[in-house]
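Below you'll find the structure, written out as structure tokens, and then a few comments.
Ligands are counted one by one from 1 in listed order, and the atoms in each one are counted from 1 as well.
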Amino acid sequence: MTQDQLKQAVAQAAIDVILPRLDKTSIIGVGTGSTANFFIDLLAQHKMAFDGAVASSEATAQRLKSHGIPVYDLNSVSDLEFYVDGADESNERLELIKGGGAALTREKIVAAVARTFICIADESKLVPLLGTFPLPVEVIPMARSHVARQLVKLGGDPVYREGVLTDNGNIILDVYNLQIDSPVKLEEQINAIVGVVTNGLFAARPADLLLLGTRDGVKRLGA
Ligand SMILES: O=C(CO)[C@H](O)[C@H](O)COP(=O)(O)O
């Protein structure tokens, strides 16, 4: 099975989880990236079963709209039962690293609002310890050097992601070589640096359910 087939299988598994719980008033939070794109394309086949979606990025909003799925502003939504998104890494506690696609801030906001965060990923994303994937940090552009110096004090090696501006007009620092044995603490420490918008650790609010695509089928971890 190819990695894309594994991604498609977990996207379908997420549809199978949410579909019985949707009605014509339901709005679904939708993430960003190649796995989320498989989910969007499958979700489009059921667009009569729900009202619309909230998007975690402009790219996702465009893809949803291209399928004729209405996209709502999060501020106009009072209830979001599900958020479905991929990840760059997950540990067994469903703490994640996200932001490989630079959408981490909006992803974290939608995840915070949703009652159930379903993470969909192929088996390569499950790791014993977070941090092999460099941790993305969204930073206000004028604070770039200051934040980089503080990240070095935390033991990391920040690298400016050349040519990338987030949907919020900010830059990304990818932090290599961090020792992430306490994800909740490190998430807080990095977010406390002035100039940081947020970082890609999803530990204070981990996923509720991880659907992991493996060659032996889709495995469920969590709820
Ligand atoms: O956090 C993300 C985007 O900011 C994505 O969920 C993450 O990068 C995984 O992407 P993919 O499904 O393409 O492997």
Side-chain angles (χ1 to χ4, degrees), residues 1-15 28-43 53-64 74 82-91 94-114 116-127 130-139 159 161 163-176 180 183 187 190-191 196-214 218 221-222:
M1 246 179 153
T2 65
Q3 205 172 29
D4 274 357
Q5 285 170 326
L6 295 178
K7 289 179 182 185
Q8 185 144 29
V10 287
Q12 182 59 54
I15 298 279
I28 303 156
V30 182
T32 300
S34 57
T35 318
N37 283 345
F38 281 115
F39 174 73
I40 294 168
D41 296 348
L42 290 169
L43 188 64
V54 166
S56 67
S57 65
E58 298 298 334
T60 287
Q62 286 314 314
R63 197 173 187 102
L64 289 162
L74 184 61
F82 294 110
Y83 177 53
V84 180
D85 196 0
D88 299 301
E89 280 184 353
S90 174
N91 64 18
L94 310 195
E95 296 163 329
L96 312 173
I97 286 183
K98 291 184 46 54
L104 59 158
T105 300
R106 294 189 187 195
E107 292 173 339
K108 202 176 269 197
I109 294 168
V110 184
V113 173
T116 307
F117 175 8
I118 302 174
C119 182
I120 51 177
D122 67 85
E123 60 191 349
S124 70
K125 306 289 183 66
L126 185 64
V127 295
L130 298 175
T132 303
F133 191 92
L135 179 67
V137 181
E138 180 166 351
V139 176
V159 174
R161 201 183 292 182
V164 171
L165 268 192
T166 70
D167 286 345
N168 313 308
N170 299 312
I171 60 133
I172 298 284
L173 294 176
D174 291 306
V175 192
Y176 290 77
I180 314 187
E187 182 179 2
I190 296 177
N191 283 345
V196 167
V197 179
T198 198
N199 71 82
L201 275 169
F202 284 53
R205 200 280 183 253
D208 300 299
L209 172 64
L210 173 62
L211 297 172
L212 197 68
T214 80
V218 175
L221 281 85

Would you tell me whether [X] and [Y] have side-chain atoms, one donor and one acceptor, within less than 3.5 Å of each other?
| X | Y | result |
| --- | --- | --- |
| K125 | S90 | no |
| T198 | T105 | no |
| D85 | Y83 | yes |
| N168 | E138 | yes |
| T2 | D4 | no |

Ligand 1 contact by A102, heavy-atom criterion under 4.0 angstrom: yes
K98 bridged to D88 by N-O distance under 4.0 Å: no
Closest to atom 1 (O) of ligand 1 (judged by heavy-atom distance), picking from G99, A11, A59, G86: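 The nearest heavy atom belongs to G99.
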Would you mind running through ligand 1 and noting each atom that sits below 4.0 Å from a heavy atom of [X]?
| X | result |
| --- | --- |
| K7 | 14 (O) |
| G33 | 13 (O) |
| T35 | 11 (P), 12 (O) |
| G100 | 1 (O), 4 (O), 8 (O) |
| D85 | 6 (O) |

Nitrogen or oxygen atoms of G101 and ligand 1 under 3.5 Å apart: yes
Heteroatom proximity flag, A103 to ligand 1, N/O under 3.5 Å: yes
Shortest protein contact, [atom] (heavy atom only):
| atom | answer |
| --- | --- |
| atom 6 (O) of ligand 1 | K98 NZ, 2.9 Å |
| atom 13 (O) of ligand 1 | S34 OG, 2.5 Å |
| atom 3 (C) of ligand 1 | E107 OE2, 3.1 Å |
| atom 14 (O) of ligand 1 | K125 NZ, 2.8 Å |
| atom 8 (O) of ligand 1 | D88 OD1, 2.7 Å |
| atom 5 (C) of ligand 1 | T32 O, 3.2 Å |

Residue pair E58, R106: steps toward the salt bridge (Lys or Arg N to Asp or Glu O under 4.0 Å) verdict: CA-CA 10 Å; E58 298 298 334; R106 294 189 187 195; 3.1 Å; yes
Cation over ring face, K7 and F38, 6.0 Å, 45°: no
Audit row: F202, K108, side chain to side chain contact (heavy atoms under 4.5 Å, CB included) steps and yes/no: CA-CA 7 Å; F202 284 53; K108 202 176 269 197; 3.7 Å; yes
Whether E187 side chain and A203 backbone form a donor-acceptor pair below 3.5 Å: yes
Region of P136 engaging ligand 1 - heavy atom pairs below 4.0 Å: neither
